[in-house]
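Labels below follow one simple rule: chain letters A, B, ... track the order of the sequence lines, proteins then strands, and each chain is numbered from 1. Basis for what follows: all heavy atoms, side chains included, without hydrogens, waters or symmetry-related copies.
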2 protein chains.
Amino acid sequence: MGDAARKAREVGVVGDATLRGFLGYHIKRAMAVLQADLNKVLKPFGLRMVTYSALVTIVDNPGLRQAQLADALAIERPNLVVILDELEGAGLITRDKVPSDRRAYALNPTLKGRRLAEQATAANRADEARLLQGLAPADRNRVIEVMNQIEHGPGGAQS
Amino acid sequence: MGDAARKAREVGVVGDATLRGFLGYHIKRAMAVLQADLNKVLKPFGLRMVTYSALVTIVDNPGLRQAQLADALAIERPNLVVILDELEGAGLITRDKVPSDRRAYALNPTLKGRRLAEQATAANRADEARLLQGLAPADRNRVIEVMNQIEHGPGGAQS
DNA sequence: TCACATAGATATGAAGTATAACTATTATTA
DNA sequence: TAATAATAGTTATACTTCATATCTATGTGA
């Protein structure tokens, strides 16, 4: 480390050259911005990131069971309970007894839930478009491909 | 939603089409994999993600103050204290009194700390290379550009 | 000198996340 | 069929992460 770097630090600049060498570091920093931003957009709807994800997944998959939802969202079952309590308490979903298995509950959105999900999704789309303005669709798709490779392994194998 | 989707759910498949429409959702899922993977790689070194980031930043910027490090890592000052306690207790860094300001501590890596940082960085690089195998350097750079746009806003302005 | 700002530390609380164990049902099998 | 095991959802609990307020010692500026 040279004098320039030492001097820069004295006026408040700290280098992160080594960390910048990792793709994961860039992704982590971007993710922090995305998460803060998303929660700000969702706040007026009374939703957080997890409650939004849960609601949208229930709207997309009406009738699914809690264990299935927990799997899809990578949430532990006990933690999902309070999230669903919140959505049910807000009148956005119902827990309906399923006749064929009296242990289970089928999760269904209410009309209010479907409408709120639609509005929140529109708001999120608008916000993401703002964050990504000027980004070519091809580049966006490329990024998605890379994220999927990271998630599922090279070649896109589903693990 | 059609019969096919309803049938698929019965055998355990839950769709996330709406969420997949968000770049942030893909990034979040990739980040979860990266974080789990990174922590696994760091475990043999006795490090976690935050302690590794802190150690590397101290190695790259010897003599920096705690407040500077907290800023660089976007960690609150009180939370950084325990992280540094951990690194200092492991003999990886020292908190040295700075003569010009007796309130402050200059953070410096020990030889052991520098060596551990070097080894951990090498391990992380190897692991990230494994996760990203087959990814063209141009694509990797494109992803980094997009992450920086998300973090700093369009045009790469530093906010 | 006196008021105020800053560096680091301590205490504390909120939120997210993970595990064990309970109730009620369903499935298995001896 | 009776006994056993497995499953869905829940409760209780603890651990980690993250944020805020406050304290001390020290430094800065009117």
Side-chain angles (χ1 to χ4, degrees), chain A residues 9-12 14 28-29 31-33 35-36 38-40 42-43 46-54 58 63-89 93-108, chain B residues 9-12 14 28-29 31-33 35-36 38-40 42-43 46-54 58 63-89 93-108:
Chain A
R9 189 175 343 107
E10 279 164 16
V11 295
V14 175
K28 178 176 164 55
R29 294 189 74 105
M31 190 61 220
V33 171
Q35 177 147 353
L38 180 56
N39 278 321
K40 189 155 39 172
L42 289 176
K43 192 150 201 175
L47 296 170
R48 292 168 295 138
M49 235 177 72
V50 274
T51 52
Y52 170 73
S53 303
I58 293 168
L64 88 171
R65 315 291 179 79
Q66 295 190 193
Q68 290 178 304
L69 181 57
D71 266 16
L73 300 180
I75 293 175
E76 296 304 315
R77 262 81 72 168
N79 297 327
L80 182 60
V81 172
V82 301
I83 293 169
L84 295 180
D85 286 350
E86 197 176 321
L87 291 175
E88 192 181 29
I93 65 161
T94 56
R95 285 193 249 223
D96 305 322
K97 292 207 181 266
V98 10
S100 60
D101 187 343
R102 288 181 303 173
R103 296 168 301 179
Y105 289 105
L107 302 173
N108 286 295
Chain B
R9 187 172 348 104
E10 278 164 19
V11 296
V14 175
K28 179 178 164 53
R29 294 190 73 105
M31 191 62 220
V33 171
Q35 178 147 354
L38 180 57
N39 278 323
K40 190 155 41 173
L42 288 175
K43 192 150 201 175
L47 295 170
R48 291 168 296 138
M49 236 177 72
V50 275
T51 53
Y52 169 73
S53 302
I58 293 167
L64 87 170
R65 313 293 179 77
Q66 293 189 196
Q68 291 179 303
L69 182 56
D71 266 17
L73 300 180
I75 294 174
E76 296 304 315
R77 266 69 63 113
N79 298 326
L80 183 60
V81 171
V82 301
I83 293 169
L84 295 179
D85 286 349
E86 197 176 321
L87 291 175
E88 191 181 30
I93 65 161
T94 55
R95 284 193 250 223
D96 305 322
K97 291 205 181 268
V98 11
S100 59
D101 186 343
R102 288 181 303 174
R103 296 169 303 180
Y105 289 105
L107 302 173
N108 286 294

Can you name the nearest heavy-atom pair linking [X] to [Y], along with the distance?
X	Y	value
A/Arg77	A/Asp71	NH1-OD1, 3.3 Å
B/Asn108	B/Gly63	OD1-N, 3.0 Å
A/Thr51	A/Glu86	CG2-OE2, 3.6 Å
A/Leu38	A/Met49	CD2-CG, 3.1 Å
A/Gln68	B/Val14	CB-CG2, 3.8 Å
A/Val98	A/Arg65	CG2-NH2, 4.0 Å

As a check on the pairing definition, encode DNA chain D in dot-bracket form, counting Watson-Crick and G-U wobble pairs whose two distances are under 3.5 Å, and using | for partners outside this strand.
||||||||||||||||||||||||||||||
Take atom [atom1] of [X] and atom [atom2] of [N], then tell me their distance rounded to the nearest Å.
X	N	atom1	atom2	answer
A/Arg77	C/dA18	CZ	P	12 Å
B/Asp85	C/dA11	CG	P	12 Å
A/Asn39	C/dG16	CG	C1'	12 Å
B/Leu84	C/dT10	CG	P	12 Å
B/Arg65	C/dG8	CZ	C1'	12 Å
B/Leu80	D/dA19	CG	P	13 Å
A/Ile75	D/dG9	CD1	C1'	15 Å
A/Ile83	D/dT10	CD1	C1'	14 Å

What one-letter contact string describes nucleotides 13-18 of chain D from 5' to 3', where B marks a base within less than 4.0 Å of any protein heavy atom, S marks contact via sugar-phosphate atoms alone, and - marks no contact?
----SB
Counting only non-hydrogen atoms, which of residues 95-106 of chain B are less than 4.0 Å from DNA chain C?
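B/Arg95, B/Arg103, B/Ala104, B/Tyr105, in order of number.
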Quick check: do A/Ile58 and A/Leu84 have side-chain heavy atoms less than 4.5 Å from each other?
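Yes, close enough: below the 4.5 Å cut-off.
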Taking only N and O in the side chain of A/Gln68, is any of them less than 4.0 Å away from OP1 or OP2 of D/dA8?
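Result: no.
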If I take atom [atom1] from residue [X] and atom [atom2] from residue [Y], how far apart are they, to the nearest 0.5 angstrom?
X	Y	atom1	atom2	result
A/Leu107	A/Leu80	CG	CG	7.5 Å
A/Gln35	B/Lys28	CD	NZ	6.0 Å
A/Arg95	A/Gln66	CZ	CD	5.0 Å

Given B/Ile75, which partner from the list B/Leu69, B/Val81, B/Ile83 fulfils the side chain to side chain contact (heavy atoms under 4.5 Å, CB included) test?
B/Ile83
